[in-house]
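This report refers to the structure that appears directly beneath it.
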Amino acid sequence: MLTGRIVLDARLAEAEPGPRYRGLDLLTGQVLERVTRRGKFLVVPLLRNGERLNDLIIHLGMTGVLSLVPPPRPQHLRVLLGLDGGLGLHFTDARRFGRFLLTPAGDHSSLPTLQAMGPEPLGEGFTAEAFATALARSVTAVKTYLLSQRPVAGVGNIYADEALWRAGVNPATPARDVPAAQIGPLRDAIRAVLAESIAREGTTFSDYRTVTGATGSFQDSLAVYGRAEQPCGRCGHPIRRTVLGGRGTHHCPHCQPSL
DNA sequence: CGCATTTCCTGGTAGC
DNA sequence: TGCTACCAGGAAATGC
């Protein structure tokens, strides 16, 4: 739907200081060459007179939504694009954690997480060997390190907790101390959790919707996230909630013992 | 540079 | 009912 469209105009819904929505003035007249993805970032290479000068980078954050041919005046509208063929593209984002900005083509140095992002979790590059090498580089708690996107792309708070539970790894374990015998299982668990969530169209707690407006159903498969004090599905011990790296963290003290 | 902590932001909710 | 306080988290910024 977006590939090959020309941007006729691009504007902010209202004045927005700060770095969230930058470079829109460069967007007019450019062609959306295609839509790609790295981790949780959308990367849209742009063409001006056939030349690639910029990338459009979009991150939905927690509450960002892209809609084509959207309703007249949605709430929390941030960015509006007019496209050829009478199409419009709206970016709405209640909590403004998202990003919608232009960078020089291929130069993502203004986005350090994207720049230093690890391999795609479901791609061929995410091998147990590569994962072991990455984990060996850090003493940070393995969960926090997963959230950094450096050892592997795309793992957020819910999926980190779920994958660590499946692999029996305590989230506070320093990354480099994760036992070798558990690295392969953790890698497999990350892939399985993400693949299952994709198959179930994501995790819906309140406002998340798929592109068609439907809710996901992976929340029905969560083993630990949001289940503090409830019995572990594997051993029956109560799930414990802690805070790690400033993020709510859930694990089973029996199945995921600290070293 | 690596790592820990703080900040951004607002809808939802708990408590009074 | 209406108010205040607090919580949620992805990535960047800040502080060491």
Side-chain angles (χ1 to χ4, degrees), chain A residues 12-23 37-43 55-66 74-79 91-103 107-118 120-121 133-164 171-178 190 193-194 197 202-209 215-216 218-219 222 224-229 239-251:
Chain A
L12 289 170
E14 57 187 69
E16 178 73 31
R20 297 184 185 86
Y21 322 122
R22 281 181 316 208
R37 182 194 55 75
R38 270 292 280 144
K40 304 174 202 170
F41 290 81
L42 294 175
V43 178
D55 292 331
L56 169 62
I57 308 291
I58 302 168
H59 194 300
L60 300 180
M62 300 292 297
T63 52
V65 176
L66 289 171
Q75 278 203 305
H76 313 301
L77 183 61
R78 308 300 176 195
V79 180
F91 180 61
T92 61
D93 186 13
R95 283 157 69 173
R96 303 178 200 250
F97 268 27
R99 294 291 185 273
F100 195 110
L101 52 86
L102 271 72
T103 67
D107 175 7
H108 303 145
S109 54
S110 65
L111 299 157
T113 299
L114 179 56
Q115 177 102 331
M117 190 166 285
E120 286 295 317
T133 301
L135 291 180
R137 287 192 229 275
S138 178
V139 297
T140 303
V142 60
K143 177 190 168 172
T144 304
Y145 196 48
L146 288 173
L147 294 183
S148 78
Q149 312 295 299
R150 291 181 71 114
V152 59
V155 178
N157 199 48
I158 296 170
Y159 303 124
D161 283 3
E162 294 298 311
L164 288 163
T173 310
R176 68 158 68 146
D177 295 341
V178 174
I190 290 168
V193 163
L194 292 176
S197 185
T203 306
T204 300
F205 289 120
S206 55
D207 47 14
Y208 169 76
R209 294 295 182 276
T215 59
F218 193 68
Q219 65 275 13
L222 299 177
V224 288
Y225 185 88
R227 299 179 58 86
E229 307 308 325
I239 300 301
R240 182 178 296 166
R241 184 185 187 278
T242 59
V243 175
L244 196 53
R247 292 294 166 256
T249 297
H250 311 74
H251 80 286

Closer than 4.0 Å, any side-chain N/O of A:Thr63 to the OP1 or OP2 of B:dT10?
-> no
Side-chain N or O of A:Thr144 less than 4.0 angstrom from OP1 or OP2 on B:dC3?
-> no
With rounding to the nearest 0.5 Å, note down the distance linking CG in A:Leu101 to CG in A:Leu56.
-> 7.5 Å
Residue-phosphate contact under 4.0 Å: A:Arg95 side-chain N/O, C:dA8 OP1/OP2 | no
Is the distance from OP1 or OP2 of C:dA12 to the nearest side-chain N or O of A:His59 less than 4.0 Å?
-> no
Specify the residue among A:Asn157 and A:Leu114 whose closest nucleotide of DNA chain C lies further upstream toward the 5′ end.
-> A:Asn157
Let me know the distance between CZ of A:Arg78 and C1' of B:dC9, rounded to the nearest Å.
-> 9 Å
Flag yes if more than 12 heavy atoms outside A:Arg240 fall under 6.0 Å of its CZ atom; otherwise flag no.
-> no
May I have the distance from A:Arg137 (atom CZ) to B:dC1 (atom P), rounded to whole angstrom?
-> 14 Å
Taking atom P of B:dC8 as reference, at what distance in whole Å does atom OH of A:Tyr21 sit?
-> 15 Å
In terms of side-chain heavy atoms of A:Met62, which of C:dG9, C:dA12, B:dC3 is nearest?
-> C:dG9
So, does A:Arg78 use its side chain to make a donor-acceptor pair with the main chain of A:Asp93 at under 3.5 Å?
-> yes
Of A:Arg247 and A:Val139, whose nearest nucleotide on DNA chain B comes first from the 5' end?
-> A:Val139
Taking for A:Gly246 and for A:Arg176 the nucleotide of DNA chain B with the nearest heavy atom, the one nearer the 5' end belongs to A:Arg176
Presence of A:Tyr225 side-chain N/O under 4.0 Å of C:dG9 phosphate oxygens OP1/OP2 = yes
Roughly, in whole Å, what's the span from CZ in A:Phe41 to P in C:dA11?
-> 5 Å
Ignoring backbone atoms, establish whether A:Gln149 has a side-chain N or O less than 4.0 Å from OP1 or OP2 of C:dG10.
-> no
Is the aromatic ring of A:Phe97 within stacking range of C:dG10, meaning centres under 5.5 angstrom and planes under 30 degrees?
-> yes
Tested for side chain to side chain contact (heavy atoms under 4.5 Å, CB included) against A:Ile57, the lone hit among A:Leu114, A:Leu42, A:Leu102 is A:Leu114
